[in-house]
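To keep things clear, I will list the structure first and then write my remarks on it.
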Amino acid sequence: MTTTTSAEDLFPTRLATPSDFIARTQPAVWGSDGDGPFEEAELEAHERRGYTMIDDFISGNDVALYTSELDRLAADPALQDDPRMITERTTGTVRSVFEVEKLSGTLDALARDPKVLDRARQIVGSEVYLHQTRINYMPSFTGTGFYWHSDFETWHAEDGMPLPRAVSLSIALTDNYPFNGGLMVMPGSHRTFVPAVGETPDNNHEQSLQAQEAGVPSHAAITALAEKCGIDQFTGAAGSALWFDSNIMHGSGNNITPYARSNVFMVFNSVENALVDPFAAKSSRPAHIANRDFTPLR
Ligand code: 6CS
Ligand code: FE
């Protein structure tokens, strides 16, 4: 049985010199309205915009349940020196915890909940597995944001993800306001792949998860995309959800307000888009950031 560890690189990035945008030809939605809970009109909007917002995706009780898990993990002494725990560079407070499905049975069950799994399968049009999960804490007063980026650019360059056939789910566990670091997305930007300049440093993930430097689009690219697509913001009450395409340009500001912005983030990749060798990095990232067990999620 041959296991392919390489694939044609349709999205060259982290280059020595700037290169043109690449028009993405793959769909954002691979399934159809008969394949799951999303209706035809919702799928059409997701294909066009690259994202879908759903209010009240989880109940108030579940928000409380997942929030208590979030607090438990952040305070778990056993996790303090675990590589899955990422702290804020300036304050040392918890910024993210990765691979939460392995740390919390409650969050593992959420990933397998039909209202999550059936939508993920419908969008990527196949069986799926979890590429990555994380809880973002975005603490009050000192939470630092995430500069503009495409997740797929990183997952292609550093994790060996061949195509943009993965969908992310972000569930708000706190109220997301415009002013407390709410995620901003450029609608339609998922159709454009923005090659980055500058090669990936060795062991890049040891600093990129605190503040990304490699793979960051240029000011000119961000300006061009913003002019073309505009900027929408994911705001909404705790319990609301954002499904978004792996290649959509997104980012979030710092949070200087008294209101933390915490979310659970789960990435579902198609089992037909399994990771191969990184396309623009010397070595693969650890499994807790880029899962390499492609067993379909049940
Ligand atoms: O490097 C990554 O995989 C992570 N970085 C960001 C900024 N978003 C996606 C992902 O969690
Ligand atoms: Fe991201």
Side-chain angles (χ1 to χ4, degrees), residues 11 13-14 50-51 70 83-89 94-101 107 111 129-138 143-162 164-172 176 181-187 189-190 193-194 196 198 200-217 222 225 231-234 241-255 261-269 273 275 278-281 283-292:
F11 302 96
T13 186
R14 314 244 170 138
Y51 72 85
L70 175 143
R84 292 172 287 190
M85 165 77 72
I86 307 293
T87 54
E88 290 281 2
R89 189 172 286 166
V94 181
R95 171 175 169 87
S96 303
V97 174
F98 279 82
E99 206 177 44
V100 294
E101 77 283 5
L107 293 171
Y129 72 95
L130 278 174
H131 166 66
Q132 178 186 107
T133 65
R134 69 193 281 182
I135 292 177
N136 287 323
Y137 287 80
M138 182 67 84
T144 56
F146 296 84
Y147 194 72
W148 290 108
H149 65 284
S150 152
D151 292 345
F152 173 66
E153 192 282 336
T154 290
W155 297 339
H156 183 72
E158 299 188 53
D159 301 336
M161 186 183 283
R165 187 175 180 183
V167 64
S168 295
L169 168 64
S170 174
I171 298 177
N176 281 356
L183 193 64
M184 296 176 285
V185 289
M186 293 189 188
S189 61
H190 62 301
F193 181 81
V194 180
T200 307
D202 295 352
N203 299 317
N204 183 46
H205 60 276
E206 288 168 3
Q207 56 82 29
S208 69
L209 298 176
Q210 286 182 315
Q212 184 177 359
E213 271 139 32
V216 169
I222 294 165
L225 275 181
I231 297 175
D232 289 350
Q233 188 158 41
F234 172 41
L242 175 74
W243 289 91
F244 59 106
D245 183 87
S246 61
N247 187 49
I248 199 165
M249 191 62 71
H250 65 287
S252 57
N254 290 343
N255 180 13
R261 185 192 65 95
S262 301
N263 67 320
V264 178
F265 174 84
M266 293 182 165
V267 185
F268 299 89
N269 188 23
N273 190 38
L275 307 186
F279 288 93
S283 57
S284 301
R285 297 198 295 176
H288 68 269
I289 298 173
N291 176 22
R292 287 183 178 268

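Counting starts at 1 for both ligands and their atoms, following the listed order.
Ring-centre distance between F152 and F11: below the 6.0 Å cut-off.
When side chains are defined from C-beta on, V216 does not count as touching H149, because their heavy atoms never get closer than 4.5 Å. The shortest side-chain heavy-atom distance between F234 and V185 does not fall under the 4.5 Å cut-off. Under the 4.5 Å side-chain criterion, counting only non-hydrogen atoms from C-beta, R285 is in contact with T154.
The CD1 atom of I135 sits 9.5 Å away from the CE atom of M85 when rounded to the nearest 0.5 Å. Atom-to-atom distance recorded for T13:OG1 and E153:CD is 3.5 Å, nearest 0.5 angstrom. Taken to the nearest 0.5 Å, the CG atom of D232 stands 14.0 Å off from the NE2 atom of H250.
Counting only protein atoms, the N, O or S atoms lying less than 2.8 Å from the Fe ion (ligand 2) are H149 NE2, D151 OD1, H250 NE2, ordered by chain and residue number.
Side-chain atoms of N136 and S96 include a donor-acceptor pair closer than 3.5 Å.
Looking at N263, its side chain never comes within 3.5 Å of a backbone N or O of I171 through a donor-acceptor pair.
Within 4.0 Å of ligand 1, contacts by protein heavy atoms are made from Q132, R134, F146, H149, D151, T154, W155, L209, Q212, F265, R285.
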